[in-house]
Structure formats: structure tokens, C-alpha cells
Amino acid sequence: MKIAIIGQGYVGLTISVFASRHHQVVGFDLNLKVISDLNKGTSHIEGVASNDIKDAIQVGKYKATTVPAEIAGSEIFVIAVPTPLDTNRKPDLSYIDSACKVIAENLTGPALIINESTSYPGTLRNYIKPAIEKYSKQKFEHYYAISPERVDPGRADYNQKNTPRLYAGLTPEAIKRTREFYSTFCDNLVEVSSPEVAEAAKLFENTFRQVNIALVNELAQISHALGIDVRETLDAAGTKPYGFMKFSPSAGVGGHCIPVDPSYLADVAEKAGVQATFIQRANEVNLDMPKYIAGRVEKDNGGSLKGKKVLVVGVAYKPNVADTRETPAELLINALEKLGAEVTWSDPVVGSWHGNDSVALSGADIAVVVTKHDVVSAAEILKSAPYVFDTTGKVKGAVQL
Ligand SMILES: NC(=O)c1ccc[n+]([C@@H]2O[C@H](COP(=O)([O-])OP(=O)(O)OC[C@H]3O[C@@H](n4cnc5c(N)ncnc54)[C@H](O)[C@@H]3O)[C@@H](O)[C@H]2O)c1
């Protein structure tokens, strides 16, 4: 089958590589540099091997393009574009809208249109289908389905093949076609009764993480005030074999999903007349963690950070990826600078960020570890400054969160 995958980022490229083992895949994206690199067989996503892209190109199963006409004639279109929040922290579906437009303008017959982007319940039925119909010149009966993506970039144990995949469609034929497509490269498909259930389940998975991370971050603050080691407490609670799931404290949440998706649920809840209070409070706790950490560091260092050289270690939002979207490191840097510190950052995986390059792990008065990549040794971090504050629990000998 010819499959067009709209968006060649974390989700779209991952799917493209798996799907290209069985189908003819055209990866469409607006980013010229990404497309040019992909056509040279160079991956820009951790967890997607350049060799896999090269192999797929060589056997004629994958092509990346910025040319809309090249997706024409596809039997399946997969939407994998960003779904961020706007400046008011409300759902921004403008990328979905532009993906629908490019699909609609290149439909040559009835096609299966699957949304993999995360959005609120009702998006497939009330937004994507009407948008495709609005932008299409020819009126075909298309098949609409949803299969929210669960990829965890950088993770080795779970991938497209062994991660159970939810799916639902607007019609029985859409459901059948979706099952046939994903069963070519995914072992465990879970059909749910409506697209809205699949959309809500995806949002709830990430809301569950966001709320629990906020809960342990609050526990970290309580534990410090009581003089108790929070990680030992969590390890102790984690020995209970049922009814408890361990989360770890941190500088906050980052990435494209955990800080964003719960607000999609909160927004749709508000429109339905329900106040999503847990989500609101969890957002506040997580967003306040950098300020709390800066305050702890200031207190430990004579009550002032004025003129002190502070090195933030690890600015990616999680270990072993270069992704800095919504990283708590940004809020931490702002909080430290507000307290008068001279802040630099070190992260060899990210390399360059906001027009600045990663600096060496040395010469600071204070180091604050936000993210510890495997390639950065704890011993090197400990040597970088006389005072090291660790939010990750991975730098033994440092002051712990
Ligand atoms: N990154 C993750 O770990 C993850 C996991 C599960 C679900 N998701 C969801 O998947 C969706 C995509 O996320 P991502 O992380 O892959 O984003 P990304 O930013 O890595 O990639 C999106 C790509 O879409 C391209 N794009 C934007 N508008 C386009 C258009 N109109 N036509 C073609 N290309 C377009 C961008 O240039 C970019 O390359 C989001 O809804 C996200 O919430 C992400």
C-alpha cells in the first residue's frame, strides 16, 4: 500500500520506519532541512537508526518530501503533527488543520485517514473529518480512524511492535482497514468502542503521569522540611507489591506530552462544565519546582546567589534525548538568574540551545543537575563545582532534592 505520513518528527518518522518494512511510505514534512537529511538517510530522532532509513530508501520503500503532490494516490494518510498549547495554554489545532488541508488537496479516491496526534475527545469526529470535507474539491467517502501514538523516544524495551496500540474508527470499514494496516507491524492491537474513548485514554495516560509526578514533587518538599530522605521513602513504599506505583521527584516535567496533554483534557472538561482541579494543581506544582530548587540552592549558599557562577547540568527534558521542548531547565535558569546568579549550561547531547553552545563541566561555584545523560559521568559532575545539587537522584555525594 502507498502510505503518506504527515509530519516526520518523533512520531511520524518512527511510524514511517516501521511501516516501510511492509508498505510504500512517503514521509511528508514542511521542514526542508529535515527532509533533505532524511533523503540522505540521516535520522534526526533518537531511537530511529539512520541505517534503517537508508535501507528503506535503498529498497524503494521510503521517500521523504516537502512536495504535496507526492502524497497523492496514497491509500492511507497518517497525521503525526504537533498539537501544542497556544499562548493562553489552550489546545492549538492549527497544525492538524494544515495537515488536513494538504491531505484533502491530494486525495484521489476514498482513503483511510488516521490521526496519531494527541488531542481531545471529539477531534477526529468534529474537527478532522469536517476539515477534510471542507478542503476537498472532490467528494469521496473516506474512512476516518484514530490510533493515538504511545512512542517513548529513547526507550529500548518498548517500540511500535510490542507496545499495545489503541484504535477506533468512525465506521466498521474504517476500523477494519485500520486494524489491517497496524497489524502489519504491531503485535497487540486494542480496539475501543469509539474514537472519543481512544482520544480520552491517551490524554488520561499522560495526565496520570503528570499528576503523580506532581504528587512526588510535593512529597519531596514535605520530606525535606521534615528531614526525611524522599527517595528512601519512595523505595520503602515501593516494596508494597500491590496498590502502589513508584514515581520519582524531579525538576518538573518536560517534552511535548506530559506538560501539554493534560491541558487538552482540562480544556475539554471545562467546556463540558467540569473543573479539572487535579490537572490544574499538578501543573502548578510541577511548574513551581524550578523556583523551589533555586530557593534551596540559594539557602544552602549563604542566602544569596548574586554573582555566583551556576552551571545547569542537562537541559534536555529527559535523559539520553536532545529534546528541550518545555524543559524545566529553562524555568530553572530563569529562576536562578532572577536571584542574581550567572548561569551557564552543559549538555553534550543537546549541544546547542537558544543560540548558545553547551559549556564544559568545570569552573562553576554551583552545579544543579536537571537531567543526567548516560554519556555524562556522575564523577565529572561532582568535580564541576564545590557545591552540586542533584534533582535526579543519580549523582551520589551531591545535595539531593
Ligand atoms: N514525541 C513523543 O514522544 C510523542 C509521543 C506520543 C504522542 N505524541 C504526539 O504526536 C504528535 C506529534 O508529535 P512529535 O513529537 O512527533 O512532534 P515533532 O515536532 O517531533 O514532529 C512534528 C513534525 O511535523 C511537521 N509538521 C508540522 N506541520 C506540518 C504540516 N502541516 N505538514 C507536514 N508536516 C508538518 C513538523 O515540521 C515536525 O517535523 C503530537 O500530537 C504529540 O503530542 C508525541
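Note that ligands are numbered from 1 as they come in the structure, with each ligand's atoms numbered from 1 the same way.
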> Does D365 pair with K308 as a salt bridge, N-O distance under 4.0 Å?
Replying inline: no
>> Surrounding CZ of F278 (heavy atoms of other residues, nucleotides or ligands, distance under 6.0 Å), is the total greater than 12?
In response: no
> Hey, is C257 touching ligand 1 through its side chain, its backbone, both or neither, going by heavy atoms under 4.0 Å?
Replying inline: side chain
> What do you reckon, does L30 put a non-hydrogen atom under 4.0 Å from ligand 1?
Replying inline: yes
>> Please list, in number order, the atoms of ligand 1 under 4.0 Å from a heavy atom of S117.
In response: 11 (C), 41 (O)
>> Nearest non-hydrogen contact with atom 11 (C) of ligand 1 belongs to which option: I258, V81, T83?
In response: V81
> Is the closest N or O pair between D29 and ligand 1 shorter than 3.5 Å?
Replying inline: yes
>> Just to confirm my output: which protein heavy-atom neighbour is closest to atom 3 (O) of ligand 1, and how far is it?
In response: P153 CD, 3.1 Å
> Closest non-hydrogen protein atom to atom 42 (C) of ligand 1, residue and atom name please, with distance?
Replying inline: H256 CD2, 3.3 Å
>> What I want to know is whether T118 and ligand 1 share at least one N or O pair that is separated by under 3.5 angstrom.
In response: yes
> What is the nearest protein non-hydrogen atom to atom 10 (O) of ligand 1, stated with its residue, atom name and distance?
Replying inline: V11 CG2, 3.3 Å
> Just heavy atoms, cut-off under 4.0 Å: does K101 contact ligand 1 by side chain, backbone, both, or neither?
Replying inline: neither
> What class does the angle between the rings of W353 and W345 fall in, given that below 30° is parallel, 30 to 60° is tilted and above 60° is perpendicular?
Replying inline: perpendicular
>> Distance under 4.0 Å to a non-hydrogen atom of K202: what atoms of ligand 1 satisfy this?
In response: 6 (C), 7 (C)
> Relative to each other, are the rings of F204 and F208 parallel, tilted or perpendicular (30° and 60° limits)?
Replying inline: tilted
>> Checking the N or O distance criterion of under 3.5 Å, is ligand 1 in contact with Y10?
In response: yes
> For atom 21 (O) of ligand 1, what is the nearest protein heavy atom, given as residue, atom name and distance?
Replying inline: G9 CA, 3.1 Å
> Counting heavy atoms not belonging to K90, are there more than 12 under 6.0 Å from its NZ?
Replying inline: yes
>> Take a 6.0 Å sphere around CD of E133 and say whether it holds more than 12 heavy atoms from other residues, nucleotides or ligands.
In response: yes
>> Suppose I only count heavy atoms of S98 and a 4.0 Å limit; which atoms of ligand 1 are within that range?
In response: 30 (C), 31 (N)
> Of all residues at least two apart in sequence or in a different chain, which pass the side-chain contact (heavy atoms from CB on, under 4.5 Å) check with A145?
Replying inline: L112, I114, T178
> Which atoms from ligand 1 have a heavy atom of I6 less than 4.0 Å away?
Replying inline: 32 (N), 33 (C)
>> We want to know whether H44 and D37 form a side-chain donor-acceptor pair, criterion being a heavy-atom distance below 3.5 angstrom.
In response: no
>> Tell me whether K309 at atom NZ has more than 12 heavy atoms from other residues, nucleotides or ligands lying less than 6.0 Å away.
In response: no
> Minimum heavy-atom separation for S74 to A4, with atom names?
Replying inline: OG-CB, 3.4 Å
> Taking only residues two or more places apart in sequence, or in another chain, which ones meet H23 in a ring pair (Phe, Tyr, Trp, His ring centres under 6.0 Å)?
Replying inline: F181
> Of all the non-hydrogen atoms in the protein, which one sits nearest to atom 22 (C) of ligand 1, and at what distance?
Replying inline: P82 CD, 3.6 Å
> Where is the nearest protein heavy atom to atom 28 (N) of ligand 1: which residue, which atom, and how far?
Replying inline: Y95 CD2, 3.5 Å
> Can a salt bridge be assigned to the pair K246 and D235 using a cut-off of 4.0 Å between side-chain N and carboxylate O?
Replying inline: yes
> For ligand 1, which atoms have a heavy atom of F28 less than 4.0 angstrom away?
Replying inline: 32 (N), 33 (C), 34 (N)
> Would R325 and E330 pass as an ion pair if we require N to O under 4.0 Å?
Replying inline: no
> V151 near ligand 1, heavy-atom distance under 4.0 Å?
Replying inline: yes
>> Using a 3.5 Å cut-off on N or O atoms only, is E149 in polar contact with ligand 1?
In response: no
>> Regarding ligand 1, does R325 bring an N or O atom to under 3.5 Å of one of the ligand's N or O atoms?
In response: yes
> Which ligand 1 atoms are under 4.0 Å away from a heavy-atom of A99?
Replying inline: 31 (N)
